[in-house]
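Only this structure's heavy atoms are used, side chains among them; waters, hydrogens and symmetry mates stay out. Note that the coordinates shown come from a computational prediction; the quantities given were computed from them, not determined experimentally.
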Amino acid sequence: MTFSIQYIEYALLVFARIASIIFVVPFFSNSNIPRRVKVGIAFFLTLIVMNIVDYEAVSYDGMIGYSILIVQEGITGLLIGIGSGFVLYILSFSGHMVDMEIGFAMAMEYDPATNVQTTITSTLFSNLFLLMFIGSDMHYYIIDALIDSYELIPIGEASFSPTLYQIFLEYMLDYFVIGFRIILPIFSCILILNVILGILAKVASQLNMFVIGIQLKLFVGLVLLFFIMSLLPGITDFLFEEMQKLTKYFMQSMAP
């Protein structure tokens, strides 16, 4: 292949999509990874993709037209990456709900990976998910999806159809349904415990049920959380399937 200015322009468009994906997908988007490392990963993946994908010169009108192509490829990469990154928000939501039920919601901490205030259980769920994400080689799926996106969505041919909003609506539904399914055992047991404490507060009004309830809910919540940890591999498998489904939907919705 002849090395030319057109080839460099094409490589920059490939780099724009890959860099956008790297900066939002799980694990690679972690803020603990320096930006130079992320750029380096995107650069070397660009070299690999350029040797796999068939080169086709793109047409545009001047600098403005090329800038529009860069932005288009960046948005395409962001949407593909967001499809796989959404599952972390589901686990974060589940962790917040667990801590609200057992009394850890006030113990907020700064998460350097996401640069936001989060709870203890939310951080635990996210870190365990990322460990299983790497241990199960799901990061290879991200790279495979990245390469396959160029066959399904060629450079400069992404089509942002109105069906994208339906995917976001489906994600919002899954966000609450899956999140509550994860914490349903804790939520149900704490609800029953609150009912029992309410009855005891009427029967034995001399007892301070507020003090007893805090300690009892914490104990019951930690015991249930221990049992939920044994179910985490099955939960992560389900979330991996959800990740693949959302990524596929986003890619199909942008296909020309």
Side-chain angles (χ1 to χ4, degrees), residues 20-35 37-38 41-42 77-143 145-146 167-168 170-187 190 218 221-247 249-250:
S20 299
I21 295 176
I22 292 297
F23 273 82
V24 294
V25 294
F27 179 72
F28 294 106
S29 63
N30 197 315
S31 62
N32 293 331
I33 300 177
R35 293 183 178 179
V37 175
K38 296 178 184 178
I41 294 173
L78 286 175
L79 290 176
I80 295 173
I82 284 175
S84 59
F86 272 160
V87 293
L88 285 178
Y89 298 109
I90 296 175
L91 285 175
S92 179
F93 170 72
S94 298
H96 278 284
M97 293 299 296
V98 169
D99 288 332
M100 287 180 61
E101 293 297 325
I102 66 178
F104 279 171
M106 292 185 293
M108 301 290 289
E109 61 180 0
Y110 177 76
D111 185 6
T114 57
N115 295 324
V116 296
Q117 292 287 333
T118 184
T119 59
I120 298 173
T121 308
S122 177
T123 304
L124 175 65
F125 283 171
S126 298
N127 290 336
L128 290 176
F129 174 81
L130 289 177
L131 286 175
M132 295 184 183
F133 181 85
I134 299 299
S136 59
D137 293 335
M138 277 299 294
H139 54 292
Y140 290 132
Y141 169 78
I142 299 296
I143 297 175
L146 184 153
I167 301 175
F168 281 102
E170 182 177 351
Y171 161 71
M172 291 302 298
L173 178 63
D174 292 341
Y175 178 85
F176 291 103
V177 172
I178 298 174
F180 275 110
R181 286 176 63 182
I182 293 174
I183 66 165
L184 187 59
I186 294 179
F187 185 82
I190 297 298
L218 179 58
L222 290 177
V223 172
L224 292 172
L225 192 60
F226 175 78
F227 286 108
I228 287 180
M229 289 296 103
S230 63
L231 303 175
L232 195 60
I235 294 173
T236 51
D237 287 340
F238 181 78
L239 291 176
F240 288 157
E241 295 177 1
E242 189 72 14
M243 176 190 299
Q244 296 174 5
K245 182 183 74 173
L246 286 174
T247 303
Y249 284 170
F250 273 110

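Interatomic distance, Ile178 CD1 to Ile90 CD1, rounded to the nearest 0.5 Å: 4.5 Å. Distance CG/Leu91 to CD1/Ile182: 5.0 Å, rounded to 0.5 Å. For the atom pair Leu222 CG and Thr121 OG1, the distance stands at 8.0 Å (nearest 0.5 Å). Interatomic distance, CE of Met97 versus OG1 of Thr119, reported as 11.0 Å (0.5 Å rounding). Atoms CD1 and OG, on Ile183 and Ser94 in that order, are 6.0 Å from each other to the nearest 0.5 Å. Rounded to the nearest 0.5 Å, atoms CD1 (Ile102) and CG (Leu218) are 6.0 Å apart.
Taking the six-membered ring where tryptophan is involved, the planes of Phe129 and Phe240 are tilted, since the angle between them lies from 30° to 60°. Using cut-offs of 30° and 60° on the angle between ring planes, the pair Phe176 and Phe93 is perpendicular.
Annotation: side chain of Leu124 is in contact with side chain of Leu128 (closest heavy-atom distance under 4.5 Å). Using a 4.5 Å heavy-atom cutoff, the side chains of Ile186 and Ile190 are in contact.
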>> I'd like to know whether Phe187 forms a side chain to side chain contact (heavy atoms under 4.5 Å, CB included) with Leu224, so could you lay out the CA-CA distance, the side-chain angles of the two residues, the decisive distance to 0.1 Å, and finally the verdict.
In response: CA-CA 10 Å; Phe187 185 82; Leu224 292 172; over 6 Å; no
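Heavy-atom neighbours of Met100 CE from other residues, nucleotides or ligands within 6.0 Å: at or below the threshold of 12. Heavy atoms from other residues, nucleotides or ligands lying under 6.0 Å from OH of Tyr175 number more than 12.
In terms of the side chain to side chain donor-acceptor pair (under 3.5 Å) criterion, residue partners of Ser92 (sequence neighbours excluded) are, by chain and number, Ser122.
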Sequence neighbours excluded and cut-off under 3.5 Å, please list the side-chain donor-acceptor pairs for residues 228-239, or say none.
unit_1	atom_1	unit_2	atom_2	d
Ser230	OG	Phe227	O	2.5
Thr236	OG1	Leu232	O	3.1
Thr236	OG1	Pro233	O	2.7

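Heavy atoms only, all atoms of each residue included: Gln244 and Tyr141 are closest at CA-OH, 3.2 Å.
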